[in-house]
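Throughout, protein chains are lettered first and strands after them, A, B, ... in sequence-line order, and every chain is numbered starting at 1.
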Number of protein chains: 2
Amino acid sequence: MEICKFCNKRSSAARHLGNDELEKLGHSCVEVSFEKGDIIFKQNALSSNIIYVREGLVKIHMAGPEREQILKIAKGPTYLGIPTTLGDKVNNYSATALTTTEVCFIDIQVFKDFIDSNSDFAYEIIVNLCKNELGHFHRCVNQLQKQSPGRVAETLLFFADEIFESDIFDLPLSRHEFGDLTGNSRENVSRILSDLDKEGVIKISGKSIQILDKDKLFFISKNG
Amino acid sequence: MEICKFCNKRSSAARHLGNDELEKLGHSCVEVSFEKGDIIFKQNALSSNIIYVREGLVKIHMAGPEREQILKIAKGPTYLGIPTTLGDKVNNYSATALTTTEVCFIDIQVFKDFIDSNSDFAYEIIVNLCKNELGHFHRCVNQLQKQSPGRVAETLLFFADEIFESDIFDLPLSRHEFGDLTGNSRENVSRILSDLDKEGVIKISGKSIQILDKDKLFFISKNG
DNA sequence: ACAAGAGTGTGATCTGTATCACATTTTAAA
DNA sequence: TTTAAAATGTGATACAGATCACACTCTTGT
């Protein structure tokens, strides 16, 4: 089992692992492929593995008091659900594939052993957790304070800049999911998107989106 | 310098430190007292220390796009701002004392050294970060989806159960701050609190609050 | 190729909450 | 104590966004 040793998508933490450790990781690591819509792990199920997304797009979501809430969109390569695996016995949220996704299931004990024996690995995980939390704080405050068009604009910029690195892309979410991510009703998402289209800020046709006036979109994202 | 060696409020992580390490911690650790309203650290300032709150109540807050947002209320003993210190060069949020607060400033390099040399300490920090993040997810979703009375009720229960462990307490926040915490306008906080008073769920007089009907308050917290 | 179901666009209403306006109370300072 | 300043309560109004209603358009399977 040398899959991890020669893996070209190792995490920044795993780059600190030695050959022996990578071999050990390879032995306890299972690679699985998920299709769009497949659930990778489910809220309230026992959390028994650390998930590493080698490739693909995943939504992290949890059942809120009123409706489903998408907490974030994660893009491989990235760890998924370290907090929910190390912080509780049971998953506090679900992860669902938005595209075809390559995932490694890492045995939690092996992961703990690395933290124990390799302090560079541990430190990298800590920094990772910290950065995630900061990102989440910012996202949360934006969600809470901006109004709908601002949240939609911000999310479009997020997809363009962080996920697809292009101003033309296919939205990997339904209007309903886009609402769950931005805290809007399905109808309101439609309305805001077609308003943006009418104003010439973006061009939409179904799920395909093209950003025409990025400055204006950025302005809307900031101011309302 | 043996203040840490004989400290009776050590963190769960620091309990894994040996005598040598505690002595080293004592040498690099500065104890400071803050009064109500004092800023412990400030958003956008250089983050150079890990903060450990030995005793007291602190608000964590950041400037949002529209107004100030209180992210959480922290009660000593607890670490503060590990994410903002290890995750970025600059503080992503501020911390302000709500009561008289005893704080230890821990040199970041010493903290890193402990992560490096003591894997139990590191693991404890990791679990801590994970649990914090889970708590924050839940808080965020509740804030986003519940409507105003539900958020106010939830926050009152939080103060009663988590902070004061009593159904009679003095609110350590102004109505304005309570709004910044629950995402309401100052006026709306007043209205909701006096409604709850009129319905006999709580009894208010200024900042002092008594919960009279906890079941009903819980119901309101859950259902709107 | 077709039907059935899911997903989407858009107008008309309804409602929670912000905002404005002002009276009143509390706190802090002189 | 007096006075200014800050914090609070409460009604009236305005508006963003949810909800309802329905037509339309894609999927998906048979």
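Residues satisfying the ring pair (Phe, Tyr, Trp, His ring centres under 6.0 Å) test with A:Phe159, not counting sequence neighbours, are none.
In this structure, A:Gln145 atom CD and D:dG17 atom C1' are separated by 18 Å, rounded to whole Å. Computed from coordinates, the A:Leu193 CG to C:dG7 P distance equals 17 Å when rounded to whole Å. Put simply, CZ on A:Phe178 is 14 Å from P on D:dG17, counting in whole angstrom units. In this structure, B:Arg191 atom CZ and D:dG9 atom P are separated by 11 Å, rounded to whole Å. We find that CZ of A:Arg67 is positioned 11 Å from C1' of D:dG17, with the value rounded to whole Å. Atoms CG (B:Asp180) and P (D:dA7) sit 12 Å apart, rounded to a whole Å. What separates CD of B:Glu66 from C1' of D:dA16 is a distance of 13 Å, to the nearest Å. Atom-to-atom, NE2 of B:His176 to P of C:dT19 comes out at 11 Å; the value is rounded to the nearest Å.
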Practice item. In sequence, state the C-alpha distance, the side-chain angles, and the governing distance for A:Arg54 and A:Cys7, and then conclude on side-chain contact (heavy atoms from CB on, under 4.5 Å). Key: CA-CA 9 Å; A:Arg54 292 187 60 217; A:Cys7 175; 3.7 Å; yes
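Looking at the side chain of A:Ser190, the nearest of the listed nucleotides D:dA21, C:dT8, D:dG17 is C:dT8. Residue A:Arg186 places its side chain closer to C:dT8 than to any other of D:dG17, C:dT8, D:dG9.
The phosphate of C:dG9 (OP1 or OP2) has a side-chain N or O of A:Arg175 nearer than 4.0 angstrom. An OP1 or OP2 oxygen of C:dT26 is reached within less than 4.0 angstrom by no side-chain nitrogen or oxygen of B:Lys207. Residue A:Asn188 places none of its side-chain N or O atoms closer than 4.0 Å to OP1 or OP2 of D:dG17. Within the 4.0 Å cut-off from OP1 or OP2 of C:dT17, at least one side-chain nitrogen or oxygen of B:Ser148 is found. Residue A:Ser194 places at least one side-chain N or O under 4.0 Å from the OP1 or OP2 atom of C:dT10.
Among the heavy atoms of the strands lying under 4.0 Å from A:Gly183 are primed sugar atoms or P, OP1, OP2 only; no base atom is included. Contacts of A:Ser185 with the nucleic acid, taken as non-hydrogen atoms under 4.0 Å apart, include base atoms.
Checked against A:Glu154 for a salt bridge (charged side-chain N to carboxylate O under 4.0 Å, His left out), the options A:Lys146, A:Lys222, A:Arg139 give a single hit: A:Lys146. Across B:His61, B:Lys59, B:Glu177, a single residue satisfies side chain to side chain donor-acceptor pair (under 3.5 Å) together with B:Thr96, and that is B:His61.
Looking at B:Tyr52 and B:Ser11, their side chains never bring a donor and an acceptor atom within 3.5 Å of each other.
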